[in-house]
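The first residue of the sequence shown is numbered 1, and numbering continues consecutively from there.
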Amino acid sequence: MNNPVSSKILWNKAAKNGLVLGLFTAACRLVSQYLTSAGTVSAGTAVLNGIVWLVQFTGCIWIMKFLMERLVRQYDGVDNRSTAKYGRLLALTSSLIFSAAMLSDVLFIAPETVSTQMDLLYEMYGPGMDNNTRTALQYIEDSYPQIMFFSTLIYSWLYGVVLSAILSRSIPRRDPFADFMKNNEQ
């Protein structure tokens, strides 16, 4: 049949498939950003952004489930523990790819996004801010790419860890009567 699964195989598969999952998530995020920046925010734009978010959310779940099930089909000895570990590694690698894509977006593709958001913040809350708050916000604006990278990395990884824990409980499918049947055959 197939080869048994090892830690090296899990890392290798997670790195390759994490690239796919991370790029899918980044593409959905960039489409959403493009829709928002393309013009005025209207009800149609909000609906389209909602659809893109739904595609991203369900797509990430489906892709992770598909990749975990494919691992079970390709290798012998894959149990729930192995799929959970694979899911955590997949979450880590895809989070790194997604965070790096968002960092490059903020630094190179659309650097004006940060200043636009901060200008809006100053416009909304500026009259009520003291000098200390303005100084703190200026520091945040200067450090925003790093803050965004690490917060996106942590959030995405935690989301992936929870998702892999949920999915790995039923991948591979367990037969609750297997032990009973084995004991009765003896």
Side-chain angles (χ1 to χ4, degrees), residues 5 7-39 41 45-72 74 78 80-118 120-121 137 139-171:
V5 69
S7 184
K8 182 179 177 181
I9 290 172
L10 291 178
W11 271 104
N12 190 18
K13 289 276 187 194
K16 290 176 185 174
N17 295 328
L19 178 66
V20 172
L21 186 56
L23 289 176
F24 169 77
T25 309
C28 288
R29 180 66 177 239
L30 291 174
V31 166
S32 178
Q33 179 180 331
Y34 174 76
L35 288 173
T36 304
S37 67
V41 178
T45 306
V47 168
L48 285 175
N49 270 331
I51 292 170
V52 170
W53 178 85
L54 188 62
V55 166
Q56 178 183 350
F57 184 75
T58 57
C60 287
I61 294 170
W62 184 83
I63 290 170
M64 184 173 264
K65 183 176 188 235
F66 171 79
L67 293 172
M68 292 169 89
E69 287 174 343
R70 189 169 76 175
L71 180 78
V72 171
Q74 289 178 340
V78 178
N80 300 100
R81 176 182 252 173
S82 298
T83 56
K85 181 178 180 182
Y86 174 66
R88 288 190 305 269
L89 296 174
L90 185 61
L92 177 64
T93 56
S94 66
S95 297
L96 280 169
I97 299 298
F98 176 60
S99 298
M102 292 300 97
L103 180 66
S104 65
D105 176 48
V106 169
L107 289 177
F108 305 115
I109 298 171
E112 71 279 352
T113 304
V114 177
S115 60
T116 304
Q117 290 174 349
M118 294 306 279
L120 182 63
L121 184 68
L137 284 177
Y139 176 74
I140 289 173
E141 184 176 358
D142 294 341
S143 304
Y144 183 76
Q146 296 90 343
I147 294 168
M148 190 255 345
F149 175 80
F150 287 110
S151 62
T152 302
L153 177 67
I154 292 167
Y155 172 79
S156 299
W157 180 71
L158 288 176
Y159 172 75
V161 166
V162 170
L163 180 60
S164 70
I166 292 168
L167 292 175
S168 68
R169 296 197 62 155
S170 62
I171 302 172

Distance check, rounded to the nearest 0.5 Å: [X] atom [atom1] versus [Y] atom [atom2]?
{"X": "L103", "Y": "I109", "atom1": "CG", "atom2": "CD1", "answer": "10.5 Å"}
{"X": "S99", "Y": "F150", "atom1": "OG", "atom2": "CZ", "answer": "9.0 Å"}
{"X": "Q74", "Y": "K13", "atom1": "CD", "atom2": "NZ", "answer": "4.0 Å"}
{"X": "M148", "Y": "D105", "atom1": "CE", "atom2": "CG", "answer": "7.5 Å"}
{"X": "Q146", "Y": "L107", "atom1": "CD", "atom2": "CG", "answer": "7.5 Å"}
{"X": "I51", "Y": "C28", "atom1": "CD1", "atom2": "SG", "answer": "12.5 Å"}

Table please: side-chain donor-acceptor pairs of residues 82-92 below 3.5 Å, with sequence neighbours left out.
from: S82; atom 1: OG; to: D79; atom 2: OD1; distance (Å): 2.8
from: T83; atom 1: OG1; to: D79; atom 2: O; distance (Å): 3.4
from: T83; atom 1: OG1; to: N80; atom 2: O; distance (Å): 2.9
from: T83; atom 1: OG1; to: I171; atom 2: O; distance (Å): 2.8
from: K85; atom 1: NZ; to: S7; atom 2: OG; distance (Å): 3.2
from: Y86; atom 1: OH; to: N17; atom 2: ND2; distance (Å): 2.7

**Study point:** Residue Y159 excluded, over 12 heavy atoms near OH under 6.0 Å
**Key:**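 It does: Y159 OH has more than 12 such atoms within range.
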
Considering non-hydrogen atoms only, spot the tightest contact between [X] and [Y] and give its length.
{"X": "L35", "Y": "L48", "value": "CD1-CB, 3.8 Å"}
{"X": "L54", "Y": "T58", "value": "O-OG1, 2.7 Å"}
{"X": "Q56", "Y": "F24", "value": "O-CE2, 3.9 Å"}

Keeping [X] on the side-chain end and [Y] on the backbone end, is there a donor-acceptor pair under 3.5 Å?
{"X": "S164", "Y": "V161", "result": "yes"}
{"X": "T25", "Y": "L21", "result": "yes"}
{"X": "S95", "Y": "W157", "result": "yes"}

With a 4.5 Å cut-off on side-chain heavy atoms, are [Y] and [X] touching?
{"X": "M118", "Y": "S115", "answer": "no"}
{"X": "L10", "Y": "L71", "answer": "yes"}
{"X": "L19", "Y": "T93", "answer": "no"}

